[in-house]
**Q** 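First, the structure itself, so that you have it in front of you.
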Amino acid sequence: RPPGAGGGPAGGCAPPPPAGGAFRGGGGGPPHAHARPLVEALLIDCSQSMTGDRIDNAKAAVERTIDLLHDASWFCIIAGTDTARVAFPLSQATATNKKAAHAAVRRLSASGGTAMSTWLALARQEVAKVPDAIHHALLLTDGRNESEPPERLRDVLGSCEGQLQCDARGVGTGWEPEQLRLIAGKLMGTVDIIPSPREIEADFRKVIAAAQDKSVREVALRVWVPVGASVELCSQAFPEKVDLTSRARQVPNQPQAREYPTGAWGEEKRDYHLAIRVSPGKVGQRMCAARVSLVSSEAGQEAKHAEAMVLGTWTEDEAQSAVIHPAVAHYTGQAELADAIRDGLKARSEGNEGRAEELLGRAVQLAADSNPETMALLRRVVQVEDASAGTVKLLRGVNREDELTLETRSTKTARVKKDG
């Protein structure tokens, strides 16, 4: 839920009352006075593969994106090849600076290789010049990260984590989904395909609108558990599947509390899935298994925006203990759906058609009733013979764009349906 707007994470939490006023982003309008300024780094692939309409459309999209920035925002442009250079230095988004940036963008040209770690390292260095702001990057590429060892990218992502959020976009079909998913996953962003260079501008508009809607720099999901209990799973379930379990950090002076980073927030809704292991209790005993809250630090002061209790009752009635909450069942299915798609496409690429049909059939079975958008994408890759049974046949001559779109968007989840 948006900070301050009430509501609790999925997984059995009772919804708490609203806590204070909701933080509201600009929604395309000017930011509120209390909102942190946005610092936007535009990372544009200028390698040799971008020659032609790709670099031309990318440059036009960057120019339009610059025009969308609020005057209070800051921005820079990074030209990325097998090295990185600041094509336009970090500046406030005034009319004069925007005009100068347009001229710098028009001078961009395509040559060289692709080393994304250098782009991200330089972006982190630039945005750090405006501390205590919302640091966001938009990375566009059309190729694979082939000009550096994989370890280099992972190392740089580790240094960028918590300092920079990044949405990654692949244009065309020559890029590697796992590479962009690694970047977006580590840096709390999204990854998506832009099938045609002509569509770059429309996608950039959506990304920048979402970035400018953020008003709180860093929000953490804080989970307190009683002595003897532990958090086995913490995962964002909506709008995308993101496993946060390994990102737990100890809360100072609170030995039973852990925090999970969730990045910047605006007026938006997110659902989280928790699995808590607790010590055995007596039949009929009711206990608090966890206390979950959304917290941030503004001007050195901690703010709590929402809180919920996870309550449990010990029972001998198997009919009660075996019941799975509808929201948990839904999001568990969505996680399985994403895994089935990725594993199925991998089996298909390896020539294991039987395994691919089994996995993609399971994906169809899960998506049929829960995720119509993903179901539509699956139909571009398989012929559905019986959706309820998960019986499918692989389609022949599937184009790479449809495969990439399905794989890239496999982590996008459909929100659990509410009664009424």
Side-chain angles (χ1 to χ4, degrees), residues 1-16 19-20 23 134-135 154 157-165 182 184-189 214 216-265 268-281 286-298 300-314 325 327-328 331-332 334-335 411 413:
R1 303 281 182 178
C13 296
F23 287 97
I134 294 173
H135 296 159
R154 285 195 288 269
L157 286 172
S159 66
C160 290
E161 195 171 356
Q163 307 299 315
L164 178 70
Q165 289 188 239
L182 173 65
K186 279 286 187 181
L187 303 185
M188 308 300 295
K214 307 297 183 187
V216 184
R217 182 173 185 262
E218 183 66 40
V219 177
L221 188 73
R222 180 177 294 177
V223 183
W224 172 92
V225 295
V227 174
S230 61
V231 180
E232 301 290 301
L233 169 74
C234 179
S235 177
Q236 179 179 287
F238 174 84
E240 291 202 31
K241 174 195 168 191
V242 182
D243 190 354
L244 302 172
T245 310
S246 63
R247 300 190 185 191
R249 59 197 183 204
Q250 178 70 52
V251 178
N253 303 317
Q254 297 187 45
Q256 295 305 117
R258 300 288 187 276
E259 286 185 350
Y260 301 85
T262 68
W265 281 61
E268 59 191 283
K269 295 180 179 179
R270 305 186 200 179
D271 289 343
Y272 292 89
H273 182 192
L274 293 171
I276 310 294
R277 182 178 296 276
V278 298
S279 300
R286 199 176 189 205
M287 68 172 296
C288 175
R291 183 172 64 245
V292 187
S293 53
L294 286 171
V295 298
S296 67
S297 179
E298 297 291 317
Q301 297 294 317
E302 182 176 287
K304 183 181 294 185
H305 306 297
E307 187 171 73
M309 308 296 287
V310 181
L311 304 175
T313 303
W314 292 97
H325 191 282
V328 176
Y331 286 128
T332 301
Q334 295 291 287
T411 57
T413 56

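Side-chain atoms are counted along with the backbone in the values below, which use heavy atoms only and exclude waters and symmetry mates.
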**Q** Do side-chain atoms of His273 reach the backbone of Ser235 as a donor and acceptor pair under 3.5 angstrom?
**A**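 Absent.
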**Q** Quick one: sort the Phe238 and Tyr331 rings into parallel, tilted or perpendicular, breaks at 30° and 60°.
**A** tilted
**Q** Among Val231, Leu233, Leu274, which residue satisfies the side chain to side chain contact (heavy atoms under 4.5 Å, CB included) criterion with Thr245?
**A**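 Result for side chain to side chain contact (heavy atoms under 4.5 Å, CB included) with Thr245: Leu233.
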**Q** Under the 3.5 angstrom rule, does the side chain of Gln256 hit a backbone N or O of Pro226 as a donor-acceptor pair?
**A** yes
**Q** Looking at every non-hydrogen atom in both residues, tell me the closest pair between Lys241 and Ala335 and how far apart they are.
**A**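 Smallest interatomic distance, heavy atoms only, reads NZ-O, 3.9 Å.
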**Q** Looking at CD of Glu218 and OG of Ser297, how far apart are the two atoms once the value is rounded to the nearest 0.5 Å?
**A** 10.5 Å
**Q** To the nearest 0.5 angstrom, please state how far the CD atom of Glu259 sits from the SG atom of Cys234.
**A**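 Going from the CD atom of Glu259 to the SG atom of Cys234 covers 11.0 Å.
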**Q** More than 12 heavy atoms of other residues, nucleotides or ligands under 6.0 Å from CZ of Arg277: is that the case?
**A**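 Not buried by this count: 12 neighbours or fewer within 6.0 Å.
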**Q** What verdict does the side-chain contact (heavy atoms from CB on, under 4.5 Å) test give for Val292 and Tyr272, after you've listed the backbone C-alpha separation in whole Å, the side-chain angles of each residue and the deciding distance to 0.1 Å?
**A** CA-CA 10 Å; Val292 187; Tyr272 292 89; over 6 Å; no
**Q** Restricting to non-hydrogen atoms, name the atom on Ala289 and the atom on Ile276 that form the minimum distance, rounded to 0.1 Å.
**A**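 Residues Ala289 and Ile276, closest heavy atoms: O-CG2, 3.6 Å.
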**Q** Assess whether a salt bridge exists between Glu307 and Arg222, defined as any Lys/Arg side-chain N lying under 4.0 Å from an Asp/Glu carboxylate O.
**A**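 Answer for the salt bridge query: no.
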**Q** For the atom pair NZ (Lys186) and CG (Leu164), what is the distance rounded to the nearest 0.5 Å?
**A**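 Atom-to-atom, Lys186:NZ and Leu164:CG are 14.0 Å apart.
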**Q** Please report the shortest heavy-atom distance between Trp314 and Gly281, naming the atom on each side.
**A**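 Taking Trp314 first and Gly281 second, the nearest heavy atoms are CE2-N, 3.2 Å.
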**Q** Closest heavy-atom contact between Gln250 and Ala257?
**A** NE2-O, 3.3 Å
**Q** CD/Glu240 to OG1/Thr411 distance, rounded to the nearest 0.5 angstrom?
**A**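 Rounded to the nearest 0.5 Å, the CD-OG1 separation comes out at 4.0 Å.
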**Q** Hey, does the side chain of Gln165 reach the backbone of Gly263 with a donor-acceptor pair shorter than 3.5 angstrom?
**A**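 No, Gln165 side chain to Gly263 backbone: no donor-acceptor pair under 3.5 Å.
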**Q** Quick one: does Thr262's side chain have a donor or acceptor within less than 3.5 Å of a partner on Leu221's backbone?
**A**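 Such a contact is absent between Thr262 side chain and Leu221 backbone.
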**Q** Say you draw a straight line from CZ of Arg270 to CD of Gln236; how long is it, rounded to the nearest 0.5 Å?
**A** 5.5 Å
**Q** Check whether any side-chain heavy atom of Leu187 lies under 4.5 Å from a side-chain heavy atom of Leu157, and answer yes or no.
**A** yes
**Q** Determine the sole option in Val225, Val278, Leu311 for which the side chain to side chain contact (heavy atoms under 4.5 Å, CB included) test with Cys288 is passed.
**A**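 It is Leu311; the other options fail the test.
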**Q** Just verifying a value: how many Å separate Thr313 OG1 and Met287 CE, rounded to the nearest 0.5 Å?
**A**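 It comes to 10.0 Å.
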